[in-house]
Amino acid sequence: VNSKHQKFFLFSILSIFGVLILGIIGFVFYQTVLSSSSDLQLVQTVDSLGTNIADLITSILSKMNISIIGSVLSFIIFISVYFWFEYQKKAGSQLLA
């Protein structure tokens, strides 16, 4: 597999995720603006939405959850490094053959 194809594939996948995330954020913002009938209600809706998001992030990043998230991310990194080393060994042996 060519390195150029790998970069193109990675860029394509990241672009799709980026477009999906921007679309979801845009839709939520549009629905928030559409559902409010006045400026005061819009400010209150955005304020409550921001408070809810902040509370969600705070609860996710509590001491217990942050250690679990860190452990999972470390495990994913270890597995990624293992597969990367295996790929490098395989690519190196193919170059020598």
Side-chain angles (χ1 to χ4, degrees):
V1 177
N2 191 351
S3 140
K4 197 174 200 179
H5 288 93
Q6 288 177 346
K7 289 179 184 177
F8 178 74
F9 175 74
L10 183 63
F11 179 73
S12 300
I13 297 299
L14 291 176
S15 297
I16 289 171
F17 280 126
V19 168
L20 283 174
I21 290 170
L22 287 176
I24 291 170
I25 291 171
F27 178 75
V28 168
F29 182 73
Y30 174 73
Q31 289 297 323
T32 302
V33 171
L34 189 65
S35 68
S36 63
S37 59
S38 68
D39 289 337
L40 179 61
Q41 187 179 5
L42 176 63
V43 170
Q44 290 172 343
T45 304
V46 170
D47 184 46
S48 68
L49 185 62
T51 303
N52 290 339
I53 291 172
D55 290 342
L56 177 67
I57 291 172
T58 303
S59 67
I60 288 174
L61 297 178
S62 68
K63 288 184 179 185
M64 178 68 169
N65 289 341
I66 197 75
S67 62
I68 292 172
I69 292 170
S71 299
V72 168
L73 289 176
S74 297
F75 184 70
I76 290 170
I77 289 171
F78 284 137
I79 289 181
S80 299
V81 168
Y82 170 76
F83 283 115
W84 183 74
F85 276 124
E86 290 297 317
Y87 174 76
Q88 291 298 323
K89 281 198 273 185
K90 186 176 181 181
S93 66
Q94 287 178 351
L95 287 176
L96 296 175

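Nothing here was measured: the structure is a model prediction, and the numbers come from that model. The basis for the numbers below is simple: all heavy atoms, side chains too, and nothing from hydrogens, waters or symmetry mates.
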Mind checking whether [X] and [Y] sit in one hydrophobic cluster, side chains of I, L, V, M, F, W, Y counted as touching below 4.5 Å?
| X | Y | result |
| --- | --- | --- |
| Leu22 | Val19 | no |
| Ile68 | Ile77 | no |
| Ile60 | Ile66 | yes |

Can you tell me how far the [atom1] atom of [X] sits from the [atom2] atom of [Y], to the nearest 0.5 Å?
| X | Y | atom1 | atom2 | answer |
| --- | --- | --- | --- | --- |
| Ile13 | Phe8 | CD1 | CZ | 10.0 Å |
| Asn52 | Asp47 | CG | CG | 9.5 Å |
| Leu14 | Ile21 | CG | CD1 | 9.5 Å |
| Ile57 | Ser62 | CD1 | OG | 13.0 Å |
| Leu61 | Leu56 | CG | CG | 9.0 Å |
| Ser74 | Ile69 | OG | CD1 | 11.5 Å |

For this session: Please determine which of Phe85, Phe83, Phe78 meets the side chain to side chain contact (heavy atoms under 4.5 Å, CB included) test together with Val81.
Result: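 In the set Phe85, Phe83, Phe78, the residue that makes a side chain to side chain contact (heavy atoms under 4.5 Å, CB included) with Val81 is Phe85.
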